[in-house]
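Below is one structure, written out as structure tokens; the observations come after it.
Just so we're on the same page: letters track the sequence lines, and every chain starts at 1. Scope of the values below: all heavy atoms of this structure, side chains included, with no hydrogens, waters or symmetry mates.
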Amino acid sequence: MKGAYLYKAPRGTTDILPAEQGYFRYIEERAADICQCYGYKRIDTPLFEDSRLFVRTIGPGTDIVEKETYSFEDRSGQGMTLRPEGTAPICRAYLEHGMHNLPQPVKLYYFAAIFRYERPQKGRYRQHQQFGFEALGEGDPALDAEVIEMAWRFFKSLGLRKISMKVNSIGCRLCRPPYLEKLTEYYSEHIDQMCPECKARFRKNTLRLLDCKKPLCQDTAAGAPKSVQHLCPECKEHFKSVSSYLRLLRVPYKKDHRLVRGLDYYTRTVFEVQPKDEGGAQSALGGGGRYDDLIGELGGKPTPAIGFATGIERIVLNLKEQGIKPPVSDAQGIYVAYLGHEGKAEAVKLTAELRRAGMLVHWSFGNKSLKSQMRQANALGAEFAFIFGEDEVRNGTVMYRDLVEGDQWEVPIDEVVNLLTQV
RNA sequence: GUGAGUGUCGCCUAGUGGUUAAGGCGCCAGGUUGUGGCCCUGGAGAUCGAGGGUUCGAAUCCCUUCACUCACCCCA
């Protein structure tokens with residue numbers, strides 16, 4: 001039958017079926033709890049934005065903008081893009097709503113569908129869900145540390161083990177260009193020993209050379225000049241300060257001079273949470289960093305900011321691998337069964353009444369046999385059943401059956417609600 | 001965009017040239033008059049991803065194509 005259906009979910013998209021929903025809700029609840037503690041407020045931005053917003057912020061040369069966006073023209077000819085990340089829209093909203101007038105930093109969080117046109121693989125989808133938070137309008141390194149600690153606590157609160165926090169500083173607009181020159185210089189001497197991908201990276205994005213996973217390239221990267229050693233005095237001081245706050249907060253972080261983030265807008269602090277036993281595949285569970293120039297580039301006055309984002313599907317994947325199951329709700333419900341037309345009429349009435357009282361009630365359509373109804377009650381995991389047979393209807397009663405213990409007794413219909421409030 | 005692997009009922013799987021494609025799970029219905037969970041019986045459900053070819057004969061061999069998966073690139 002598989003091939004016979006005309007329609008299927010588009011490549012790289014998935015249906016999140018009822019059986020999976022528990023994981024997502026669990027993650028969302030933990031996230032919301034953490035945000036509440038740190039004073040973050042939820043924000044929702046549109047699914048799509050003016051295309052120029054993303055070109056401007058993510059960087060015109062990056063893969064995301066070059067070939068991974070879902071872009072279209074609306075009916076008036078405006079270029080629109082399904083959001084490929086969460087930070088830029090929030091900066092836009094910050095400016096659009098004059099949030100610089102609020103007490104700084106403005107702390108916002110979001111759950112958002114993210115779209116990137118890529119070849120799907122494990123933990124990577126064309127449409128996926130991200131949770132992220134942003135603190136805008138504050139440059140204090142203590143905030144960097146707080147954000148990193150918050151991200152760390154989020155993952156720990158889910159019960160995730162075997163994860164690590166990597167931190168690095170990639171400098172600012174003043175000290176990064178000279179560093180990149182040094183890096184280019186270094187790599188031009190080793191370029192012939194590098195893998196083909198790295199040769200391409202050399203021209204396109206020199207920074208990325210550092211995190212090539214090939215052993216040979218890693219050796220080369222190990223000898224490469226480190227960004228932290230070429231920071232300007234201000235950035236150096238900032239990074240030092242972030243580190244010391246992280247120690248105060250007791251976040252078990254690791255400095256990783258090869259950590260580079262994919263988006264152009266990052267400055268100074270960058271960080272990433274990775275599964276420890278990464279099999280080479282999708283190593284990033286979540287990550288973020290400072291973007292002190294971004295809001296200025298969007299036309300606002302210079303405003304420092306920092307944020308974090310993580311992919312929900314990737315978290316679910318890791319939870320499953322570690323055997324962590326979300327807590328299940330224990331709502332078992334009530335089943336109302338019936339025989340005959342009059343029994344059905346009584347069942348309709350009782351079902352409605354119980355539901356008005358806020359209870360989970362099942363009953364069946366189609367005048368099935370009682371056996372069939374009881375089987376269904378069992379399959380649905382109902383705790384007990386009410387049965388309206390001919391006798392009960394005649395007597396003005398209903399059969400109350402405990403499906404766990406297996407015993408049953410007849411009760412007057414008027415006493416049903418009382419009975420339930422006692423249970 | 002590149003490379004590799006896989007495609008048999010809703011799910012998992014057997015079947016590697018020969019009569020009506022098999023089993024498990026799940027689903028539905030029965031196992032005497034109105035009752036679940038265990039058990040038993042029966043039923044529905046697959047033109048074996050699609051198209052073409054080889055052959056007397058193909059789910060099984062060949063080609064093409066599509067889809068999925070994994071990896072690379074990149075990222076969450």
Would you mind telling me which of [options] lies closest to the side-chain atoms of [X]?
| X | options | value |
| --- | --- | --- |
| A/His128 | B/U35, B/A76, B/U69 | B/A76 |
| A/Ala379 | B/G34, B/C27, B/A71 | B/C27 |
| A/Arg201 | B/G34, B/C72, B/C74 | B/C74 |
| A/Met374 | B/G36, B/A76, B/G34 | B/G36 |

Roughly how far apart, to the nearest Å, are [N] and [M] at atom [atom1]?
| N | M | atom1 | value |
| --- | --- | --- | --- |
| B/A14 | B/C9 | P | 12 Å |
| B/C25 | B/C38 | P | 11 Å |
| B/C27 | B/G15 | P | 27 Å |
| B/G24 | B/U8 | C1' | 15 Å |
| B/G45 | B/G37 | C1' | 26 Å |
| B/C68 | B/C12 | P | 16 Å |
| B/G51 | B/U69 | C1' | 23 Å |
| B/G5 | B/G23 | C1' | 26 Å |

Contacts of [X] that satisfy salt bridge (Lys or Arg N to Asp or Glu O under 4.0 Å) - sequence neighbours left out:
| X | value |
| --- | --- |
| A/Asp33 | none |
| A/Glu272 | A/Arg261 |
| A/Glu346 | A/Lys349 |
| A/Asp293 | A/Arg173 |

Could you let me know what [N] is paired to, Watson-Crick or G-U wobble, both distances under 3.5 Å, or none if it's on its own?
| N | value |
| --- | --- |
| B/U2 | B/A71 |
| B/U35 | none |
| B/C9 | none |
| B/U41 | B/A29 |
| B/C56 | B/G18 |
| B/C48 | none |

How long is the line joining [atom1] of [X] and [atom2] of [N], in whole Å?
| X | N | atom1 | atom2 | answer |
| --- | --- | --- | --- | --- |
| A/Leu210 | B/C74 | CG | C1' | 16 Å |
| A/Glu390 | B/U33 | CD | P | 13 Å |
| A/Phe54 | B/C74 | CZ | C1' | 18 Å |
| A/Phe384 | B/G36 | CZ | C1' | 15 Å |

Tell me what [X] touches on the nucleic acid: a base, only sugar-phosphate, or nothing, going by heavy atoms under 4.0 Å.
| X | answer |
| --- | --- |
| A/Phe131 | nothing |
| A/Glu68 | sugar-phosphate |
| A/Gln127 | nothing |

Return yes if a side-chain donor-acceptor contact under 3.5 Å exists between [X] and [Y], otherwise no.
| X | Y | answer |
| --- | --- | --- |
| A/His341 | A/Asn367 | no |
| A/Thr87 | A/Glu134 | yes |
| A/Asp402 | A/Gln408 | no |
| A/Ser71 | A/Thr81 | yes |

ask   = Can we say A/Glu118 and A/Arg126 salt-bridge, meaning some charged N sits less than 4.0 Å from an Asp/Glu carboxylate O?
value = no
query = Under a 4.0 Å N-O cut-off, is there an ion pair linking A/Arg258 with A/Asp256?
reply = no
Tell me which donor-acceptor pairs under 3.5 Å the side chains of residues 317-324 of chain A have, and how far apart each pair is, sequence neighbours excluded?
{"unit_1": "A/Asn318", "atom_1": "ND2", "unit_2": "A/Arg314", "atom_2": "O", "d": "2.9"}
{"unit_1": "A/Lys320", "atom_1": "NZ", "unit_2": "A/Glu20", "atom_2": "OE1", "d": "3.0"}
{"unit_1": "A/Lys320", "atom_1": "NZ", "unit_2": "A/Glu20", "atom_2": "OE2", "d": "3.1"}
{"unit_1": "A/Gln322", "atom_1": "OE1", "unit_2": "A/Arg161", "atom_2": "N", "d": "2.8"}
{"unit_1": "A/Gln322", "atom_1": "NE2", "unit_2": "A/Arg161", "atom_2": "O", "d": "2.8"}

inquiry  = Under 4.0 Å, heavy atom to any atom of RNA chain B: which of residues 109-118 of chain A qualify?
reply    =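 Residues of residues 109-118 of chain A under 4.0 Å from RNA chain B: A/Arg116, A/Glu118.
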request  = Could you list by number each residue of residues 362-373 of chain A showing a heavy-atom separation from RNA chain B of less than 4.0 Å, or answer none if no residue does?
outcome  = A/Lys368, A/Ser369, A/Leu370, A/Lys371, A/Ser372
message = Restricting to ring-ring contact (aromatic ring centres under 6.0 Å, His included), what partner residues turn up for A/Tyr23, sequence neighbours left out?
response =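 Partners of A/Tyr23 under the ring-ring contact (aromatic ring centres under 6.0 Å, His included) test: none.
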key: Qualifying residues under ring-ring contact (aromatic ring centres under 6.0 Å, His included), relative to A/Tyr265, sequence neighbours excluded   = A/Tyr291
query = Starting at the 5' end of RNA chain B, which residue's closest nucleotide do you reach first, A/Thr14 or A/Gln129?
reply = A/Thr14
key: Position toward the 5' end of RNA chain B (nearest nucleotide), A/Lys67 or A/Arg261   = A/Lys67
key: Inter- and intrachain pairs under side-chain hydrogen bond (donor to acceptor under 3.5 Å, both in side chains), touching residues 372-384 of chain A, at least two apart   =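 Checked against side-chain hydrogen bond (donor to acceptor under 3.5 Å, both in side chains) - neighbours excluded - the pairs reaching residues 372-384 of chain A are A/Tyr335-A/Gln376.
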query = Between the base of B/G34 and the side chain of A/Glu392, is there any donor-acceptor pair under 3.5 Å?
reply =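 Yes, the side chain and the base share a sub-3.5 Å donor-acceptor pair.
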key: A/Gln121 side-chain N/O to B/U69 phosphate OP1/OP2 under 4.0 Å   = no
Are any protein N/O atoms closer than 3.5 Å to N/O atoms in nucleotides 64-68 of chain B? If there are, list each pair with its distance.
{"unit_1": "B/A67", "atom_1": "O2'", "unit_2": "A/Lys8", "atom_2": "NZ", "d": "2.9"}
{"unit_1": "B/C68", "atom_1": "OP2", "unit_2": "A/Arg11", "atom_2": "NE", "d": "2.8"}
{"unit_1": "B/C68", "atom_1": "OP2", "unit_2": "A/Arg11", "atom_2": "NH2", "d": "2.7"}

note = Given the options A/Arg83, A/Arg92, A/Arg56, A/Glu49 meets salt bridge (Lys or Arg N to Asp or Glu O under 4.0 Å) only with A/Arg92
message = In terms of relative ring orientation, are A/Phe308 and A/Phe271 parallel, tilted or perpendicular, with 30° and 60° separating the classes?
response =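 Because their plane-to-plane angle is under 30°, the rings of A/Phe308 and A/Phe271 count as parallel.
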task = Taking the six-membered ring for Trp and the single ring otherwise, decide whether the centroids of A/Phe386 and A/Tyr338 are under 6.0 Å apart.
result =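 Distance test on ring centres: not under 6.0 Å, no.
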Where protein sits on nucleotides 37-44 of chain B, one letter per nucleotide: B base, S sugar-phosphate only, - none, heavy atoms under 4.0 Å = B-------
